[in-house]
Number of protein chains: 2
Amino acid sequence: MMKQNTPVTLKFLAEKLKMSVSTVSKALNNYPTINEYTKKRVQEMAKDLRFTPNKSAINLKERKSRIIGVILPNLLDHYFTRTIYGLEQFATANGYNIIISQSQDDLEKEIQSANMLLRSRVDGLIIAISKHTQDYAHVDQFENIGTPVVYYARNPSFNLNCHKVLGNTFQGCYEATQFLIDRGHRKIAYLGGPKMISFTHDRFNGYINALRDNDIPFSSDFVAYTDFDQENTISAIQNLFADSENVPTALVAFKEPILFDAIKYLRSIKHPNFDKVECIGFGNNAFITYLDAPPIASIEENPESVGENAIKLLLQLINDQIEIQDYQKVMVDCKLVVH
Amino acid sequence: MMKQNTPVTLKFLAEKLKMSVSTVSKALNNYPTINEYTKKRVQEMAKDLRFTPNKSAINLKERKSRIIGVILPNLLDHYFTRTIYGLEQFATANGYNIIISQSQDDLEKEIQSANMLLRSRVDGLIIAISKHTQDYAHVDQFENIGTPVVYYARNPSFNLNCHKVLGNTFQGCYEATQFLIDRGHRKIAYLGGPKMISFTHDRFNGYINALRDNDIPFSSDFVAYTDFDQENTISAIQNLFADSENVPTALVAFKEPILFDAIKYLRSIKHPNFDKVECIGFGNNAFITYLDAPPIASIEENPESVGENAIKLLLQLINDQIEIQDYQKVMVDCKLVVH
DNA sequence: TTTCACATTTCAAACGTTTGAAATAATTGA
DNA sequence: TCAATTATTTCAAACGTTTGAAATGTGAAA
């Protein structure tokens, strides 16, 4: 209702109080050289007039923004949302805001987002790169002007000279496989994701290392890949279970949505053994409790922790608690959750 | 690797090019009074030196930030995430960034977030209020300095003098009930959420209006409420199905998680009729396809559209395409999805 | 009364832009 | 050649802060 009244600035307060702008500023910032009574007067007036310091001005002066940029593929993916959940809280608790930008797994959009954040003079960047990111020039820009960058959740295709925080997907898959072995399984299948995703291989390595450490022979018949598409998943499963002489008794899947497709398919074939296949997937979806044939366990990836570690590391870099060239690699362990 | 070189500013460019700062600024902003050749020289130099305009400076000068603040309870709630999905894309496409702040449904945190965003001089605020928000002073601050506010997703406890964008939960529940009636049901139960949530009543009204419009008598035996807690849900269901002479044949539930609890419970009791109860809930969860006893339909709330309408309205307010006192109420219709 | 020390306040520049007004340079016409 | 246009560039102030240096005021010691 009230019309756009003149903005309450330091100058405005100063005029009201008949003192200089710098006195007002120092009083509000509690400088020891300012008289106590003056401070009180200023602070009261500031409160009464609802003075709100202008962050743009402060940012300009201090050459920083107290904003962290976050670029990620997609907020509909619950994994990423969960990383943000942890990240946002930690940032806020430390006086930082975050600006989130979705790339939709599109390189062009990712570059645009990066440029936008660069203009905004974010104090740091946290990025989960798109599937198609091979060239990192748009990210390097930040480091070139001294703005630290943390890669997270997705592993860049080069290995050195960057800070990164990733889920320990190797360990997760190793433990899941070990769990199945401990339950007596020897014919364990691995259903991977797209081959171009590095996690597909990391998880495969976890799987195969667990087999090896238990002297279980590896058979390539027990390994298949899917691009997440439902039909594709089903044909992968058909391959894994093709040889009726040699059927897997357990399955580790790249993630739960494809595992659920697999389970559904296996149940649709009324084969007496297929119902008994014990399955584990990455994810730990909350709705598992409502499934009639739930996986025996889930690999909980702790995405909140991935997000939190990313922001923690970034803030340390921003505050020079870690040298920017002292490249860090943080692995967040998975946890096997038995249902 | 490169050390924090001197920042590339207009002044820096101007010195390199031996011309004034204002010429450089105008050249970059394509002023018609600037010579074409000069423009070319400036633009090339800017590109070579990777000049990035400092947004803090521009914001300060233009007295705006091109940032939209969003306050919402919780990013783990998929509904809110989906609103952000639509909202973020629309904002970015229009040159705005969004800063998201979670209140955790805590009033104190909501107030803190509001103050932080106020300091950041966001150009507008979109807020889904916490459960406990009764007093709106922290939000009114924005409007007092001329910053438009859109309430969304959650209905404020007052009704007038605000802009809001809400899911048309009445219509959704009406259609669901009508759908069940059309399938021949006459004993339809309604399982509501907490009574202090306004949507509980809106949905109830949709339910009861559908009954009335079809001349179906209403029985309070067929209405129960839950606070979302699982035990609470089960006891509500027990009440609804207590009278074995008069058992509902269909159920409309406040949202799917509680509906799934309800279905699970009904199935656990091996009553011959309980399996046939036809259920509908708000949500349209992607995992329904994996349930053995899926709801017959879901009420899709289109949260992306709620988010998108909120940002659209806000941008219109920011750009003075709508008078700030011309309070808008946008209802986003639900869609019944039959499984 | 001077002088000095200290407390307190103010000055002035800086952060990086934008922009209307003023200044200068180039071009045209007579 | 000179004034009058027109094209182009520069000046200078402003946006709202922060902060070291300078200025002012006060009281006490000499």
Side-chain angles (χ1 to χ4, degrees), chain A residues 4-43 45-46 49-67 118-123 145-147, chain B residues 4-43 45-46 49-67 118-123 145-147:
Chain A
Q4 186 113 8
N5 26 24
T6 63
V8 181
T9 65
L10 289 184
K11 192 172 153 202
F12 185 75
L13 290 182
E15 279 163 10
K16 284 262 177 208
L17 289 160
K18 296 195 185 309
M19 47 178 85
S20 77
V21 171
S22 40
T23 306
V24 176
S25 169
K26 286 173 178 169
L28 290 173
N29 289 307
N30 209 27
Y31 269 51
T33 70
I34 301 293
N35 182 282
E36 285 304 321
Y37 176 63
T38 309
K39 281 185 194 173
K40 183 172 292 174
R41 285 213 306 146
V42 172
Q43 278 155 10
M45 178 70 64
L49 267 50
R50 302 172 173 285
F51 168 73
T52 312
N54 183 316
K55 251 190 117 201
S56 295
I58 297 175
N59 293 344
L60 177 60
K61 188 88 231 295
E62 315 218 309
R63 295 150 154 270
K64 56 184 185 166
S65 62
R66 293 222 154 231
I67 293 178
L118 198 67
R119 265 193 287 284
S120 293
R121 291 292 190 279
V122 292
D123 290 346
I145 60 167
T147 304
Chain B
Q4 187 112 7
N5 26 23
T6 62
V8 181
T9 64
L10 288 184
K11 193 172 153 201
F12 185 76
L13 290 182
E15 279 162 11
K16 284 261 179 210
L17 289 160
K18 298 195 183 308
M19 48 179 85
S20 76
V21 171
S22 40
T23 307
V24 175
S25 169
K26 286 174 178 168
L28 290 173
N29 288 307
N30 209 26
Y31 269 52
T33 71
I34 301 293
N35 181 284
E36 284 305 321
Y37 176 63
T38 309
K39 280 185 193 171
K40 183 171 292 176
R41 285 211 308 144
V42 172
Q43 278 156 8
M45 177 70 64
L49 268 48
R50 300 170 173 289
F51 168 73
T52 314
N54 184 315
K55 250 190 118 200
S56 294
I58 297 175
N59 294 344
L60 177 59
K61 187 89 234 291
E62 314 220 307
R63 296 150 153 272
K64 56 182 184 165
S65 62
R66 293 222 154 231
I67 293 177
L118 199 66
R119 265 193 287 284
S120 293
R121 292 291 192 278
V122 292
D123 291 347
I145 62 167
T147 304

So how far is it from Gln43(A) CD to Thr38(A) OG1, rounded to the nearest 0.5 Å?
10.5 Å

Distance check needed: dC11(D) C1' versus Ile34(B) CD1, whole Å only.
13 Å

Find the distance between OG (Ser25(A)) and CD1 (Ile34(A)) and round it off to the nearest 0.5 Å.
9.0 Å

On the nucleotide dT8(D), are OP1 or OP2 found under 4.0 Å from the side-chain N or O atoms that Asn35(B) carries?
yes

Rounded to whole angstrom units, what separation is found between the CE atom of Met19(A) and the P atom of dT24(D)?
19 Å

note: Leu17(A), atom CG; dT10(C), atom C1'; distance rounded to Å ~ 15 Å

Sugar-phosphate means primed atoms, P, OP1 and OP2; the rest is base. With that split, encode nucleotides 15-21 of chain C 5' to 3' as B, S or - using protein heavy atoms under 4.0 Å.
BBBBBBB

Please report the C-alpha distance between Lys11(B) and Glu15(B) in whole Å, then the side-chain angles of each, then the deciding distance to 0.1 Å, and finally whether the side-chain contact (heavy atoms from CB on, under 4.5 Å) criterion is met.
CA-CA 6 Å; Lys11(B) 193 172 153 201; Glu15(B) 279 162 11; 3.7 Å; yes

After noting the C-alpha distance and the side-chain angles of Leu28(A) and Leu10(A), does the key distance pass the side-chain contact (heavy atoms from CB on, under 4.5 Å) rule?
CA-CA 10 Å; Leu28(A) 290 173; Leu10(A) 289 184; 3.8 Å; yes

Sorted by first residue and then second, give each side-chain hydrogen bond (donor to acceptor under 3.5 Å, both in side chains) pair with at least one member in residues 50-61 of chain B; sequence neighbours left out.
none

Rounded interatomic separation in angstrom, taking NZ from Lys40(B) and C1' from dT8(D):
17 Å

Check this one for me: any side-chain N or O of Thr38(A) less than 4.0 Å away from OP1 or OP2 of dT8(C)?
no

Send over the distance from Asn30(B) CG to dT9(D) P, rounded to a whole Å.
13 Å

Chi angles and distances behind the side-chain contact (heavy atoms from CB on, under 4.5 Å) call for Ile58(A), Arg66(A):
CA-CA 10 Å; Ile58(A) 297 175; Arg66(A) 293 222 154 231; over 6 Å; no

